[in-house]
Enquirer: 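This structure is in structure tokens; I'll ask about it shortly.
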Amino acid sequence: MSTETDSNGSITITRNRFVRFLFTNKYVQPTVNLLTVGIFFYAIYRAAVGPADSSTNFGAVAFFDLWWSPVMIISLLFLGRIWCFFCPLGAIVRFTQRFGLRRHFPMYTHTKWFVYGLPISILSLTAVTFALARWPMYKVGVAYTPSLIPYYWLPILGVAVGVSLVYQRQAFCRYVCPATGVMSVTAKLSPLEVAQTSETGVQCATLEYESEYLSTDRRCTACMKCTTERPDEDVELRFRWPGSKIVTERIPLVDEAIVALVIWAIFPIDHVLGDAVASTALVQGLPGLLTPTTAYLVSIAATIIGFTAVHRLASDWSGLEWTESFTKFGLAYAPLGIMYSLGAHVIGGLLESGGESLNVFANGLGIALALPAGVSPAIVSSWEVFFATGWLWLAVAWSGSIAWQVATTMTDSKRRALRAFVPHVAFMSACTFLVVLAH
Ligand code: SF4
Ligand code: SF4
């Protein structure tokens with residue numbers, strides 16, 4: 001490879017001719033998307049007609065054991081929004097919007113709603129769609145009932161097609177996709193960013209924040225218009241301290257902080273609080289799905305209210321400006337949710353049955369594969385011990401270090417920084433202690 005590391009710690013990956021071809025040839029992404037769209041529909045079909053056991057059903061394995069957990073989470077955490085390049089829904093959106101009405105999506109970013117002094121925009125819709133998309137997986141049982149998978153994906157597909165037939169510029173990807181808000185948050189945690197070296201002058205396909213260059217860090221949907229229309233422009237792989245983007249963010253959005261809190265609520269908090277709420281006599285007496293749904297909503301509401309109360313204390317005590325500090329401290333909580341999901345679902349799942357999942361997926365595509373189902377039970381149980389005693393506390397250390405950086409950059413003395421920091425790190429630690437106890 002003829003790539004070189006530049007003095008600023010980045011690598012110009014397009015110095016390699018093959019990589020430049022991948023980024024700048026306009027047929028590469030459509031070809032990749034033909035494959036991903038094909039697998040998407042095939043997986044829905046196989047989910048419907050395949051075995052009822054989710055661990056042997058191609059569709060269930062493809063969607064929940066491989067796509068949503070390892071592939072999405074690992075790619076988001078290490079390379080920001082790179083998944084959008086491959087995404088079948090994004091490809092369908094780009095295709096269908098050609099035949100649509102091309103209206104402007106109702107934008108409320110200039111007429112924001114103020115809730116408790118915080119400017120909320122249409123981007124908060126992505127926190128709602130993420131919570132809505134996550135709800136059926138375990139509360140209704142879609143993740144372990146393959147026959148329900150078509151009823152899960154086809155409405156999401158219908159909304160994606162419907163929105164793109166009415167609105168222009170990948171409105172579904174910007175405002176509705178359940179993953180888009182999460183990706184905008186996790187992109188700030190990734191140690192790597194893929195980006196063009198400067199603005200290209202190509203009008204962004206989404207007009208998102210006037211972003212005129214490919215970036216896995218911004219709200220770019222990796223449509224590759226920037227690179228295919230300016231093939232002479234270099235693309236870099238940049239290295240950075242994971243989470244530094246939260247500290248240096250020039251346009252902090254309260255909506256993204258809300259998404260970060262919802263991630264924390266849905267993963268670790270709901271496992272503790274949701275289960276406790278669901279076991280109360282009052283909630284257990286509710287009919288049908290109202291029991292898990294109420295517990296789920298309580299977890300989300302309690303997390304946001306709890307954080308807001310802690311931050312009220314921290315900002316009053318340290319004299320911090322409310323809105324910007326709410327946003328940056330809220331984003332600092334993102335590692336707590338992401339690390340929980342990475343440890344419990346991705347690493348735990350791969351150790352326990354990663355080989356079996358790959359076998360089912362490969363065999364379903366006609367490729368013979370016979371990996372061991374997973375590692376030994378002793379390794380799985382060692383991981384579970386480490387998960388509770390070390391991993392979750394590493395998450396607190398990561399979130400705490402981001403919060404400390406935010407505190408020191410937003411204050412003019414160590415004393416004020418400590419006053420902003422201590423309530424948050426105490427809250428993070430107390431909640432994590434409860435999660436560990438319940439694990
Ligand atoms: S924003 Fe969502 S739908 Fe659009 S390309 Fe990215 S993951 Fe896919
Ligand atoms: S910044 Fe470039 S690659 Fe990203 S969405 Fe806009 S046009 Fe597409």
Side-chain angles (χ1 to χ4, degrees), residues 14 22-26 28-30 32-33 35-37 39-40 63 67-69 71-77 79-97 105 122-123 125-130 132-134 152-165 167-187 190 193-231 233-236 255-256 259:
T14 43
L22 292 180
F23 274 93
T24 59
N25 185 287
K26 65 180 180 180
V28 170
Q29 190 182 36
V32 170
N33 285 159
L35 193 68
T36 56
V37 170
I39 293 175
F40 176 72
F63 284 124
W67 175 12
W68 274 79
S69 263
V71 172
M72 281 286 278
I73 293 177
I74 291 173
S75 69
L76 296 183
L77 203 48
L79 270 169
R81 300 184 60 116
I82 198 80
W83 170 255
C84 288
F85 177 89
F86 303 92
C87 177
L89 284 177
I92 292 167
V93 163
R94 284 192 292 277
F95 178 74
T96 51
Q97 70 182 4
F105 195 80
I122 191 70
L123 292 174
L125 181 60
T126 63
V128 176
T129 56
F130 171 57
L132 275 176
R134 173 80 187 169
Y152 178 78
W153 278 112
L154 293 179
I156 294 178
L157 179 64
V159 172
V161 170
V163 169
S164 53
L165 282 177
Y167 300 110
Q168 59 175 344
R169 298 186 181 280
Q170 288 187 242
F172 176 82
C173 292
R174 288 182 291 157
Y175 304 118
V176 187
C177 167
T180 193
V182 176
M183 290 194 291
S184 297
V185 171
T186 55
S190 60
E193 179 195 4
V194 176
Q196 278 173 307
T197 47
S198 61
E199 298 214 346
T200 57
V202 174
Q203 192 188 57
C204 172
T206 69
L207 288 185
E208 193 64 65
Y209 297 111
E210 299 173 10
S211 174
E212 292 179 339
Y213 59 95
L214 168 81
S215 163
T216 54
D217 187 40
R218 294 176 162 204
R219 297 181 60 78
C220 163
T221 59
C223 74
M224 309 312 278
K225 183 170 178 252
C226 290
T227 54
T228 52
E229 290 193 12
R230 286 295 305 274
E233 197 72 52
D234 281 331
V235 177
E236 286 184 342
D255 314 275
E256 290 181 347
V259 172

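Remember, it's 1-based here, ligands and their atoms both numbered in the order they're listed. Every value quoted in this text rests on a predicted model; they were computed, and no experiment measured them.
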Enquirer: For the side chain of Thr180 and the backbone of Val176, is there at least one donor-acceptor N/O pair under 3.5 Å apart?
Expert: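 Such a contact is absent between Thr180 side chain and Val176 backbone.
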
Enquirer: Give a yes or no on whether the backbone of Cys226 and the side-chain of Thr200 come within a donor-acceptor separation of less than 3.5 Å.
Expert: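 Pair absent, no side-chain N/O of Thr200 close to backbone of Cys226.
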
Enquirer: For Ala133, does its backbone N or O pair with a side-chain atom of Tyr152 as donor and acceptor, under 3.5 Å?
Expert: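 Confirmed, Tyr152 side chain pairs with Ala133 backbone.
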
Enquirer: Can you sort out the partners of Thr221 under side chain to side chain contact (heavy atoms under 4.5 Å, CB included), two or more places apart, ordered by chain and number?
Expert: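 Side chain to side chain contact (heavy atoms under 4.5 Å, CB included) check on Thr221 returns Arg81, Gln170, Cys173, Thr206, Cys223.
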
Enquirer: At what distance, to the nearest 0.5 angstrom, does OG of Ser75 lie from CH2 of Trp67?
Expert: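 Going from the OG atom of Ser75 to the CH2 atom of Trp67 covers 11.0 Å.
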
Enquirer: Between OG of Ser215 and CD of Glu199, what distance do you get to the nearest 0.5 Å?
Expert: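 Reported to 0.5 Å precision, the distance equals 11.0 Å.
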
Enquirer: Enter the distance from Thr126:OG1 to Tyr175:OH here, rounded to the nearest 0.5 Å.
Expert: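 These two atoms lie 11.0 Å from each other.
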
Enquirer: With heavy-atom distances below 4.0 Å as the criterion, list the atoms of ligand 2 near Ala205.
Expert: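 Answer, ordered by atom number: 6 (Fe), 7 (S).
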
Enquirer: Apply side chain to side chain contact (heavy atoms under 4.5 Å, CB included) to the pair Asn33 and Arg94, showing each step before the final yes or no.
Expert: CA-CA 11 Å; Asn33 285 159; Arg94 284 192 292 277; 3.0 Å; yes

Enquirer: At a 4.0 Å threshold, what atoms of ligand 2 neighbour a non-hydrogen atom of Lys225?
Expert: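 With Lys225 as reference, the close atoms of ligand 2 come out as 7 (S).
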
Enquirer: Output the list of atoms in ligand 2 that are nearer than 4.0 Å to some heavy atom of Cys204, sorted by atom number.
Expert: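 What qualifies from ligand 2 is 1 (S), 5 (S), 6 (Fe), 7 (S).
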
Enquirer: I need the contact residues for ligand 1: any residue with a non-hydrogen atom closer than 4.0 Å to the ligand, ordered by chain then number.
Expert: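 Lining ligand 1: Arg81, Trp83, Cys84, Cys87, Leu89, Gly90, Phe172, Cys173, Cys177, Thr180, Met183.
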
Enquirer: Can you list the ligand 2 atoms lying under 4.0 Å from a non-hydrogen atom of Cys226?
Expert: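 Those of ligand 2 that fall under 4.0 Å from Cys226 are 1 (S), 2 (Fe), 7 (S).
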
